[in-house]
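Comments concern the structure below.
All heavy atoms count here, side chains included; hydrogens, waters and symmetry mates do not. Sequence positions, counted from 1, serve as the residue numbers for this chain. Order of listing sets the numbers, starting from 1, for every ligand and every atom in it.
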Amino acid sequence: MFLVQHQNSVNQFLISQNGFEITLKREDQIHPFISGNKFRKLKYNLIKAKNEGYETLLTFGGAFSNHLTATAVAGKIMGFNTIGIVRGEEDRKINHSLQFCQHQGMTLHHISREDYRLKHLPEFITNLKIKFGRFYLLPEGGTNSLAIKGCEEILTEDDTSFDLIACSVGTGGTLAGLIENALPHQKVLGFSALKNQKIEDEIKKWTINRNWTINRDYTFGGYAKVSPELIYFINRFNKNFKTPLDPVYTGKLLFGIFDLIKNKQWVGGKKILVIHTGGIQGIEGMNQKLSKKKWPIISI
Ligand SMILES: *Cc1c(COP(=O)(O)O)cnc(C)c1O
């Protein structure tokens, strides 16, 4: 039914130390561009869009959005037209990530940050329909109930022995899927990628289980902000474990886990499953920014 060719993710054992065992679930290897949780979030939405005869997908994202690239590629493979509404007016050269979306056939429509904040309003959507015709709407970050249903499939019967499941959090959709599909003996720990985000209420709307907590201590100053220390960590991690991490989500997640364990502040279970949600496509765009600042860049 789902036309996209993809790999199943595998668990990669990382390290065993002082009674802690860390295993990484390689969702990043599902597909080179429809990677990780974005594949999970699109799956049931795209099936529904096909079944209901939609020809066009429309969605929203920032200039480096993994969700936009995943939608562009999955849309192309499944024969949809795709429209990406991009936050921030186009006043500088279009970046690698957006250029890639365009090459997949996505129509990009840049709007100001002020207008972007209004995108949930019915009038806003009506105006888009006048401009672009009938479309299947995927929300920003791709999170809705079908997306969460897809994310529930991240956990399988191979994962029953873990007692803690850790994942990075943006909109919280992926975490919600993990929360709902975790077993009674498992706790779910989310590491927020955004500062000051009141994500708990959002997650409660999507979930019944109360087996989870959010850590906000590893945002590195906010969404897509990085420090040389984080980049050194990502590069060292890649060297040691032959596994790339992205600087926006998974790099901060693994940094946080290693840091908490090292400082003896880890309070969760000791058999840890970490979800590698993907995001590798965004490294190139981040490296363009880093080299302008003359900072170290991320090795892939
Ligand atoms: C989008 C994204 C997330 C955040 O997922 P949410 O479901 O929005 O919380 C985490 N990791 C990566 C790599 C992503 O691209």
Side-chain angles (χ1 to χ4, degrees), residues 9 24-45 59-74 87 97 100-101 138-155 165-181 188-195 197-207 212 214-216 218-220 222-224 226 230 234 243-257 274-286 298 300:
S9 65
L24 202 55
K25 187 176 275 289
R26 297 295 304 272
E27 291 276 294
D28 58 310
Q29 292 183 333
I30 287 178
H31 188 280
F33 297 106
I34 319 165
S35 87
N37 62 348
K38 300 305 184 280
F39 170 83
R40 304 288 181 185
K41 293 168 112 181
L42 286 169
K43 178 177 167 185
Y44 289 107
N45 278 293
T59 196
F60 305 93
F64 294 94
S65 164
N66 296 327
H67 168 65
L68 279 185
T69 49
T71 305
V73 176
R87 182 183 61 225
S97 196
F100 177 80
C101 290
L138 294 159
E140 184 184 36
T143 292
N144 58 17
S145 59
L146 287 176
I148 292 167
K149 177 178 160 176
C151 289
E152 287 179 16
E153 295 177 356
I154 294 172
L155 294 177
I165 298 154
C167 182
S168 178
V169 175
T171 64
T174 307
L175 201 76
L178 297 171
I179 288 168
E180 291 303 81
N181 209 20
V188 179
L189 174 58
F191 283 76
S192 182
L194 285 78
K195 211 169 76 171
Q197 187 198 26
K198 295 229 176 357
I199 193 69
E200 276 86 349
D201 292 342
E202 202 55 37
I203 293 172
K204 279 182 192 155
K205 272 193 235 159
W206 299 111
T207 55
W212 55 278
I214 301 285
N215 177 305
R216 283 173 219 287
Y218 297 94
T219 65
F220 289 80
Y223 184 71
V226 296
L230 177 67
I234 290 172
T243 305
L245 301 173
D246 84 292
V248 180
Y249 296 103
T250 55
K252 295 179 181 180
L253 166 71
L254 268 309
F255 187 105
I257 293 169
V274 184
I275 313 299
H276 192 321
T277 40
I280 302 308
Q281 74 83 24
I283 292 177
E284 211 159 327
M286 179 63 81
I298 300 161
I300 307 180

Checklist line | Under-4.0 Å salt bridge between Glu202 and Lys205 | finding: yes
Note to self: If the test is side-chain hydrogen bond (donor to acceptor under 3.5 Å, both in side chains), which one of Asp28, Thr174, Thr277 qualifies with Asn37?
What the structure shows: Thr174
Checklist line | Residues that Ser65 engages under side chain to side chain contact (heavy atoms under 4.5 Å, CB included), provided they are two or more places apart | finding: His67, Leu68
Item checked: Residue shell around ligand 1, heavy atom under 4.0 angstrom -> Asn37, Lys38, Lys41, Asn66, Val169, Gly170, Thr171, Gly172, Gly173, Thr174, Tyr249, Thr277, Gly278, Gly279
Next item on the list: State which residues pass salt bridge (Lys or Arg N to Asp or Glu O under 4.0 Å) with Lys198; sequence neighbours excluded, sorted by chain then number.
Entry: none
Checklist line | Partner residues of Lys252 under the side-chain hydrogen bond (donor to acceptor under 3.5 Å, both in side chains) criterion, sequence neighbours left out | finding: none
Margin query: Here's a test for you: under side chain to side chain contact (heavy atoms under 4.5 Å, CB included), which of Leu245, Thr243, Ile234 qualifies with Thr250?
Written below: Leu245
